[in-house]
Amino acid sequence: MALQVPSRQLFIDGEWREPVLKNRFPIVNPATEQIIGDIPAATSEDVDLAVAAARRALSRNKGKDWASASGAVRAKYLRAIAAKITERKTELGKLEAMDCGKPLDEAVWDIEDVAGCFEYYADLAEGLDAKQKAAVSLPMETFKSYVLKEPIGVVGLITPWNYPLLMATWKVAPALAAGCAAILKPSELASITCLELAEVCREVGLPPGVLNILTGLGPEAGAPLASHPNVDKIAFTGSTTTGSKIMTAAAQMVKPVSLELGGKSPIIVFEDVDLDKAAEWTAFGCFWTNGQICSATSRLIVHEKIAKEFVDRLVKWTKNIKISDPLEEGCRLGPIVSGGQYEKVLKFISTAKSEGATILSGGVRPEHLKKGFFVEPTIITDVTTSMQIWREEVFGPVLCVKTFSTEEEALELANDTHYGLGAAVISNDLERCDRVSKELQAGIVWINCSQPCFCQAPWGGNKRSGFGRELGEWGLENYLSVKQVTQYISDEPWGWYSSPSKL
Ligand SMILES: NC(=O)C1=CN([C@@H]2O[C@H](COP(=O)(O)OP(=O)(O)OC[C@H]3O[C@@H](n4cnc5c(N)ncnc54)[C@H](O)[C@@H]3O)[C@@H](O)[C@H]2O)C=CC1
Ligand SMILES: NCCCC(=O)O
Ligand code: NA
């Protein structure tokens with residue numbers, strides 16, 4: 001059963017605040033196309049208030065309350081947040097499913113990952129204390145040197161709608177673990193659970209201003225954050241176009257950015273695979289989260305010897321996917337997140353057709369669903385490498401297929417993209433998998449699977465998929481600044497200049 005969506009305000013300085021301009025906009029459930037609530041629309045006036053609150057949070061009590069508190073102190077808050085999220089897991093999962101359209105089972109899995117990620121960064125926050133003052137070995141005995149890891153400062157976190165609370169958590173948890181104060185700007189298309197994170201922070205008594213959450217449109221709330229002179233770093237996940245704008249804005253102040261952007265990731269299937277196992281991973285790699293994953297392996301590159309049988313088998317697996325309202329039991333594919341994105345996905349499919357590709361399976365609204373932004377899992381063949389469907393990110397359940405005859409050709413096809421986020425290789429020959437993994441131009445390579453993601457392992461891309469790594473210890477480093485402290489320890493004078501006392 002659907003839930004009532006809580007009505008919230010912006011979360012600034014530990015309190016709910018109405019936006020300065022008092023505007024709100026509707027939340028649409030993509031499965032029903034109905035308005036199920038509304039969210040506040042922040043503008044630059046609210047960004048200013050949130051940034052000021054974050055700066056105060058860093059300097060309160062000379063930093064002792066947060067930025068220079070021990071990691072162990074901050075870890076207690078992260079663990080309290082994780083516990084509250086776990087307590088509200090079912091409700092948060094439902095809200096997520098209603099807001100962004102992902103199947104309920106996937107949404108609940110995400111919420112479990114959210115709690116796991118806060119716990120993980122609590123561990124790393126505690127570990128940070130022991131890593132302070134790590135000695136640097138120097139070639140001169142007259143000096144000693146150590147390294148301090150300090151929070152970067154106030155960070156702006158701009159996130160997308162495909163994993164609303166999880167993508168926010170990938171940034172919020174390490175930022176807070178590091179001792180930063182943050183302003184989170186979730187996507188206007190799915191913000192409900194991020195506002196519930198605000199409520200969780202209020203309940204656990206997170207010091208005011210440590211995390212501020214501003215819902216609103218990209219140009220109105222995201223852009224002023226990216227260009228704000230008192231924000232020390234921006235971390236962003238979303239489209240390559242918006243990432244480029246954010247980088248341009250940040251560059252004016254030489255502000256560091258980390259960017260996790262689009263993809264057009266390949267999955268190479270060799271001739272020696274178990275067809276059903278490989279078909280299921282291929283379907284999961286492209287249709288999980290309704291195909292709206294930056295790392296979706298949306299280009300299938302399959303060996304010509306098995307291509308026909310494999311694709312037939314894949315179509316059968318695909319036809320078996322339950323498409324329904326995300327809250328329905330057993331749903332495995334929900335709607336595209338919004339009307340705008342739905343139209344975009346359909347346009348990709350019609351362009352592929354007009355360019356001469358074959359829509360082998362899907363490509364249309366499922367007959368049994370009259371409302372909602374649903375599109376059947378789609379498999380497209382007869383694709384050339386110059387077609388839009390081969391080159392551009394669709395962000396929907398659309399897989400395109402090409403065949404290969406040699407390993408070299410498979411790699412050439414796989415790497416024939418401006419992007420470099422994910423890649424997968426499926427083969428029973430593990431030596432070949434290792435060899436191929438080395439050659440794939442991507443930040444993440446899956447062997448004999450596609451998409452599983454663990455908060456302990458680094459996540460991020462190359463080329464136009466962005467730079468910087470989230471998750472794991474790399475995720476924490478994103479929010480830390482490294483300070484070298486070097487001390488002269490000799491009793492002797494330095495002796496470079498002639499001493500005036502000897503004159
Ligand atoms: N890498 C990923 O995980 C994602 C990729 N995308 C790609 O982006 C396409 C468009 O989706 P959108 O939701 O429009 O993505 P987007 O990249 O525009 O939105 C992501 C976030 O950036 C914010 N934003 C937008 N314009 C901004 C600006 N000028 N300055 C600062 N922040 C800004 C948005 O409000 C949202 O919070 C999708 O079709 C897909 O191809 C979308 C979501 C996630
Ligand atoms: N499984 C997490 C994928 C994250 C992303 O789409 O950015
Ligand atoms: Na929504």
Does any N or O in the side chain of [X] come within less than 3.5 Å of the main-chain N or O of [Y], such that one atom is a donor and the other an acceptor?
| X | Y | answer |
| --- | --- | --- |
| K371 | T32 | no |
| E470 | G475 | no |
| D46 | V20 | yes |

Looking at [Y] and [X], is any side-chain nitrogen of the basic one under 4.0 Å from a carboxylate oxygen of the acidic one?
| X | Y | answer |
| --- | --- | --- |
| R313 | E309 | yes |
| R79 | D123 | yes |
| R464 | E393 | no |

Practice prompt. Return the orientation label for the F284 and W288 ring planes: parallel under 30°, perpendicular over 60°, tilted otherwise.
Written response: parallel
Discussion item. Can you tell me how the ring of F373 sits relative to the ring of Y342, calling it parallel under 30°, perpendicular over 60° and tilted otherwise?
Written reply: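 The rings of F373 and Y342 sit tilted, inter-plane angle from 30° to 60°.
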Worksheet item: Is the cationic atom of K102 (NZ for Lys, CZ for Arg) positioned less than 6.0 Å from the six-membered ring centroid of Y163 and within 45 degrees of its normal?
Response: yes
Fill in: Worked verdict on N478 versus W474 for side-chain contact (heavy atoms from CB on, under 4.5 Å)
CA-CA 6 Å; N478 260 332; W474 303 268; over 6 Å; no
Worksheet item: More than 12 foreign heavy atoms under 6.0 Å from NZ of K76: is that the case here?
Response: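 Result for NZ/K76: open.
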Item to complete: Run the numbers on C286 and L300 for side-chain contact (heavy atoms from CB on, under 4.5 Å), then give the verdict.
Response: CA-CA 9 Å; C286 191; L300 166 63; over 6 Å; no
